[in-house]
Amino acid sequence: MKLNKKALVAVTAGLLLAGMTVMAEDAPTYNLEEIIIQADSVSKDNADTTVSVKTVSPGKAATIPELLRSSAGIDVHQRAIAGDNQDSTIKLRGFDARRYTILLNGRQINSAGVMGGQYVDWTTIPLNTVEKIQIIKGGKSAAHGNTLGGVINIITRDKGINGGEINILSGSNGRYDYLFNYSGSAGKLDFNVIANKTGADAYLRNNDYDAKQFGLRMNYDIDGKNSISAGVNRTEAKRGYILENKAGNYDPGYPVSDGESLSPAPSFSPSIPSYPLNPGAYWEKDNTYYDFAYRHKTETGFWQIDYWKNNEKRREVNYNAAGTAVDMDRTIVSDKSDNIGFSGQTKVSGHTIGYGSEYKRLRYGYGYYDIRPVGSIDQIYPSQKIDLWGAYVDDSWKLNGRWSAYFGLRYDHLSASQDDSRATAMRDYDADSLSPKLSLSFRNNDTTNTFISVNRLWRSPSMAEYYWWSQNYNAAVKAGNVNPGYQQQLKPEKGYSYETGIEKKISEKYSTKVTFFYQDIDDYINFQHSFPFFCYNIDQAKVWGAEWENVLKMDDSNRIILNYTNQHTSKSGAIRPDAGMVNELDYSPQHKASLAYQYDARPWQVRYSVNFTGQQKAWYNSAVSTISSYTVHNLAIVRELDKTRNISFYVDNIFDKQYVEQLGYPMPGRAYYVSLTQKI
């Protein structure tokens with residue numbers, strides 16, 4: 001499938017013209033049973049997909065990647081069953097987490113990075129309070145800047161009657177969950193408190209995982225028009241590094257796999273591209289999120305001021321080759337970012353006007369090396385800082401009984417420079433952009449909507465990309481490798497996204513949606529957080545394809561969901577594979593499909609899902625390697641014991657399929673879990 005701009009315009013015109021002879025009333029909004037589509041493509045948040053947690057995974061506090069695995073346009077690439085925190089764990093329309101935004105109740109949780117490397121830690125999200133996940137695909141929302149792939153907004157339950165639940169889960173590979181949450185109210189005050197402990201044994205060698213989590217959210221309604229809310233969420237996690245398990249260094253108790261390495265190398269061995277890890281090596285991290293908001297309701301809308309802050313501390317420990325004594329203990333620079341924002345919305349003569357601005361400071365903390373048995377200590381100073389400022393205005397309105405529109409305009413500005421004068425020198429960096437957004441929706445008839453969206457895209461370099469571009473700017477050759485970005489200015493990524501499609505309610509039982517998308521990115525930043533850390537622009541990257549989403553409600557108890565994604569990627573201008581393949585994006589399957597059966601009739605709930613991932617390619621061990629297609633079947637059965645208790649049984653990978661999501665790291669075989677939920 002090859003889609004160009006002219007073809008896209010032709011398809012769009014055909015879809016729009018096809019419905020112009022049909023008389024209709026207001027544009028419809030139907031939710032496809034809380035799982036797939038919010039059909040009004042010009043709503044305030046422009047949500048394409050809404051995933052209801054209780055519908056998709058009743059009784060089980062699954063990970064965010066598990067919850068999103070069946071969604072169209074989402075690819076999951078895990079190395080480990082717990083605690084994986086790469087920026088490529090979830091891809092949104094072919095882009096990793098550097099190129100889309102992750103929000104928790106509207107506040108960003110993409111971390112600034114660790115030692116120059118950005119990542120997303122999905123373990124910091126309080127799963128037992130997640131209500132739904134909204135996905136905005138592409139850069140169609142002016143409220144969210146500096147993104148190509150879109151937005152994943154994870155929404156928790158902040159209010160509720162007095163009550164909560166305790167959930168206990170136990171299963172294969174030592175997996176356990178002890179989860180507690182309670183919501184209550186006292187007069188004008190609503191609150192929610194959580195206390196969780198989760199973990200798993202090492203399925204891959206040395207890769208055990210344990211985490212504790214505590215959280216509190218409060219909302220106080222001052223007088224009906226004014227309210228304040230505040231929250232704190234703390235996660236304490238410890239995870240063993242995956243150790244290589246191959247001939248010459250093999251433990252038969254674990255599958256054959258590649259290992260991880262410390263990156264960058266410790267300061268006492270700067271010439272080593274990757275530092276070898278030994279038995280017992282681990283990282284541990286304390287992460288605390290704070291957020292505060294003041295909201296004022298007006299006669300026609302609201303305005304709000306909010307603030308959030310990340311406070312993270314990460315420690316890495318390695319042992320000697322025998323695994324008997326510590327030889328390195330370092331506290332590394334990690335995320336100390338914060339953000340203050342102002343936003344609002346008002347309705348005027350059929351228009352819904354949104355507006356806002358934000359100032360974000362990406363910062364690292366301080367760290368140190370403790371090298372043993374030598375005993376030397378090296379201080380680590382934060383090298384760089386980035387300031388991001390953005391502002392937007394948008395308008396959603398109905399032009400007439402059949403046409404609706406969304407128009408947005410966003411301005412983004414980035415400035416970056418050295419942070420601590422004792423750290424390594426950094427090149428100053430400054431960039432900005434103005435990004436218009438336009439979406440149109442046409443109501444063909446009572447059951448059909450056609451839509452089109454054209455959006456300007458812009459993304460500035462991440463902390464990791466900025467750091468390594470600056471460090472290698474004057475390095476023509478590094479460890480025998482020619483630097484393609486030698487003395488070249490690093491440009492922000494920019495381009496356009498195009499989207500069109502049709503959604504139709506075929507009958508009271510069956511709804512469907514087809515979307516075609518095309519994203520064309522100039523000055524694509526070619527970078528991978530691995531030696532020799534070259535970061536430079538290539539000419540172009542493109543992502544295009546189609547998504548087909550369906551819900552069939554057979555009766556009040558039985559429902560079938562089918563999603564299919566066809567996706568293609570290309571790169572041009574890459575002359576070396578230091579950031580993956582030179583002609584397309586790594587880990588981008590052309591075909592992905594999911595089929596789910598859902599049964600709901602008290603006291604039983606049943607979920608059976610089949611997920612197919614097509615063949616995909618990636619740069620691996622100095623060559624282009626292929627991951628064969630695979631299909632995984634999962635089953636969940638929930639039995640309500642009484643009004644306050646239920647018991648659940650799960651089987652993941654029913655047919656014990658042997659497969660990998662990332663080359664070198666096999667996924668587990670068949671796994672069993674049992675959980676008990678008690679309402680309090």
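Owing to the predicted nature of the structure, the values given are computational and were not obtained by experimental measurement.
One finds the CD1 atom of Ile90 at 8.0 Å from the CD atom of Gln78 (value rounded to the nearest 0.5 Å). Here the straight-line distance linking atom OH of Tyr496 with atom CG of Asp520 works out to 10.5 Å at 0.5 Å rounding. Atom OG of Ser462 sits about 9.5 Å away from atom CG of Leu362, to the nearest 0.5 Å. The line from NZ of Lys137 to CD of Gln519 is 11.0 Å long, rounded to the nearest 0.5 Å. Taken from OH in Tyr406 to OG in Ser396, the straight-line distance is 6.5 Å, to the nearest 0.5 Å. Between the OG1 atom in Thr89 and the NZ atom in Lys91 there is a gap of 11.0 Å [rounded to 0.5 Å].
Side chains of Leu440 and Phe451 form no contact here, defined as non-hydrogen atoms less than 4.5 Å apart. Within the 4.5 Å cutoff, the side chain of Asp75 has heavy atoms near those of the Gln567 side chain. With a 4.5 Å cut-off on side-chain heavy atoms, Ser511 and Lys504 do not count as touching. In this structure, Ile452 and Phe516 have side chains that are not in contact, with every pair of non-hydrogen atoms separated by 4.5 Å or more. Taking 4.5 Å as the limit, every side-chain heavy atom of Phe517 sits out of range of all side-chain heavy atoms of Ser497. Counting only heavy atoms from C-beta outward, the side chains of Phe342 and Tyr355 approach each other to under 4.5 Å. Two residues are said to be in side-chain contact when any heavy atoms from C-beta on lie closer than 4.5 Å; Lys360 and Trp308 meet this criterion. Within the 4.5 Å cutoff, the side chain of Ser343 has heavy atoms near those of the Tyr392 side chain.
With sequence neighbours left out, Phe292 forms a ring-ring contact (aromatic ring centres under 6.0 Å, His included) with no residue at all. Scanning for side chain to side chain contact (heavy atoms under 4.5 Å, CB included) contacts around Arg361 gives Asp338, Tyr359, Arg363, Asp387, with sequence neighbours left out. Every residue two or more places apart in sequence or in another chain that forms a side-chain hydrogen bond (donor to acceptor under 3.5 Å, both in side chains) with Trp548 is listed here: Thr512, Asn550. With sequence neighbours excluded, no residue forms a ring-ring contact (aromatic ring centres under 6.0 Å, His included) with Tyr564. Asp586 is linked by a side chain to side chain contact (heavy atoms under 4.5 Å, CB included) to Met581, Ala618, Trp619, counting only residues two or more places apart in sequence or in another chain. For Thr300, the side-chain hydrogen bond (donor to acceptor under 3.5 Å, both in side chains) partners are Thr346, not counting sequence neighbours. With sequence neighbours left out, the salt bridge (Lys or Arg N to Asp or Glu O under 4.0 Å) criterion links Arg69 to Glu661. Scanning for ring-ring contact (aromatic ring centres under 6.0 Å, His included) contacts around His591 gives an empty result, with sequence neighbours left out. Remark: His351 pairs with Trp397 by the ring-ring contact (aromatic ring centres under 6.0 Å, His included) rule, at least two apart or across chains. Scanning for side-chain hydrogen bond (donor to acceptor under 3.5 Å, both in side chains) contacts around Gln616 gives an empty result, with sequence neighbours left out. Residues meeting the side-chain hydrogen bond (donor to acceptor under 3.5 Å, both in side chains) test with Lys132, sequence neighbours left out: none. Asp523 is linked by a salt bridge (Lys or Arg N to Asp or Glu O under 4.0 Å) to Lys494, counting only residues two or more places apart in sequence or in another chain.
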*CA sep, side-chain torsions, deciding dist, call: Trp303, His296, ring pair (Phe, Tyr, Trp, His ring centres under 6.0 Å)*: CA-CA 5 Å; Trp303 58 263; His296 174 73; 5.4 Å; yes
*Check step by step if side-chain hydrogen bond (donor to acceptor under 3.5 Å, both in side chains) holds for Asp430 and Ser415.*
CA-CA 4 Å; Asp430 191 271; Ser415 61; 5.0 Å; no
*List the steps, then state whether salt bridge (charged side-chain N to carboxylate O under 4.0 Å, His left out) holds for Arg98 with Glu465.*
CA-CA 10 Å; Arg98 280 181 289 153; Glu465 292 163 337; 2.4 Å; yes
*asked:* Test side-chain contact (heavy atoms from CB on, under 4.5 Å) on Arg443 and Ser441; report intermediate values, then the result.
replied: CA-CA 7 Å; Arg443 189 173 189 267; Ser441 177; over 6 Å; no
*CA sep, side-chain torsions, deciding dist, call: Thr156, Arg217, side-chain contact (heavy atoms from CB on, under 4.5 Å)*: CA-CA 10 Å; Thr156 61; Arg217 290 195 62 79; 4.2 Å; yes
*Go through Tyr429 and Trp469 one step at a time and tell me if the ring pair (Phe, Tyr, Trp, His ring centres under 6.0 Å) criterion holds.*
CA-CA 11 Å; Tyr429 192 93; Trp469 161 76; 5.6 Å; yes
*Show your working on side-chain contact (heavy atoms from CB on, under 4.5 Å) between Asn339 and Tyr307 and close with a plain yes or no.*
CA-CA 6 Å; Asn339 178 95; Tyr307 174 80; over 6 Å; no
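Ion pair Lys140/Glu499 flagged as a salt bridge, since at least one NZ, NE, NH1 or NH2 atom sits closer than 4.0 Å to an Asp/Glu carboxylate oxygen. A salt bridge links Arg410 with Glu358; the closest basic N to acidic carboxylate O contact falls under 4.0 Å. Using a cutoff of 4.0 Å between basic side-chain nitrogens and carboxylate oxygens, Glu299 and Lys225 are scored as salt-bridged.
Arg93 forms no cation-pi arrangement with Tyr100, by the criterion of a distance under 6.0 Å to the ring centre and an angle within 45° of the ring axis.
Of the N and O atoms on the side chains of Tyr294 and Asn226, at least one donor lies less than 3.5 Å from an acceptor on the other residue. Under the 3.5 Å distance criterion, with hydrogens and angles disregarded, no donor-acceptor pair is assigned to the side chains of Asp412 and Asn146. Donor-acceptor pairing under 3.5 Å is lacking for the side chains of Glu549 and Asn563. With no hydrogens or angles considered, a side-chain donor-acceptor pair links Ser453 and Asn455 at under 3.5 Å. Asn526 and Lys571 form a side-chain donor-acceptor contact under 3.5 Å, judged by distance and modelled atom types alone. Inspection of the Tyr411 and Asp432 side chains reveals an N or O donor paired with an N or O acceptor under 3.5 Å. With 3.5 Å as the limit, one finds no donor-acceptor pair spanning the side chains of Asp428 and Ser417.
Scanning both residues, Leu585 and Gly94, for their nearest heavy atoms gives CD1-O, 3.7 Å. When all heavy atoms are compared, the tightest approach of Ile102 to Ala97 is CD1-CB, 4.3 Å.
Aromatic ring pairs are classed by plane angle as parallel below 30°, tilted from 30° to 60° and perpendicular above 60°; the pair His568 and Trp544 is parallel.
The backbone N or O of Arg427 lies less than 3.5 Å from a partner atom in the side chain of Tyr466, making a donor-acceptor pair. The backbone N or O of Ile525 lies less than 3.5 Å from a partner atom in the side chain of Glu493, making a donor-acceptor pair. The backbone N or O of Tyr524 sits nowhere less than 3.5 Å from a side-chain atom of Lys491 that would complete a donor-acceptor pair.
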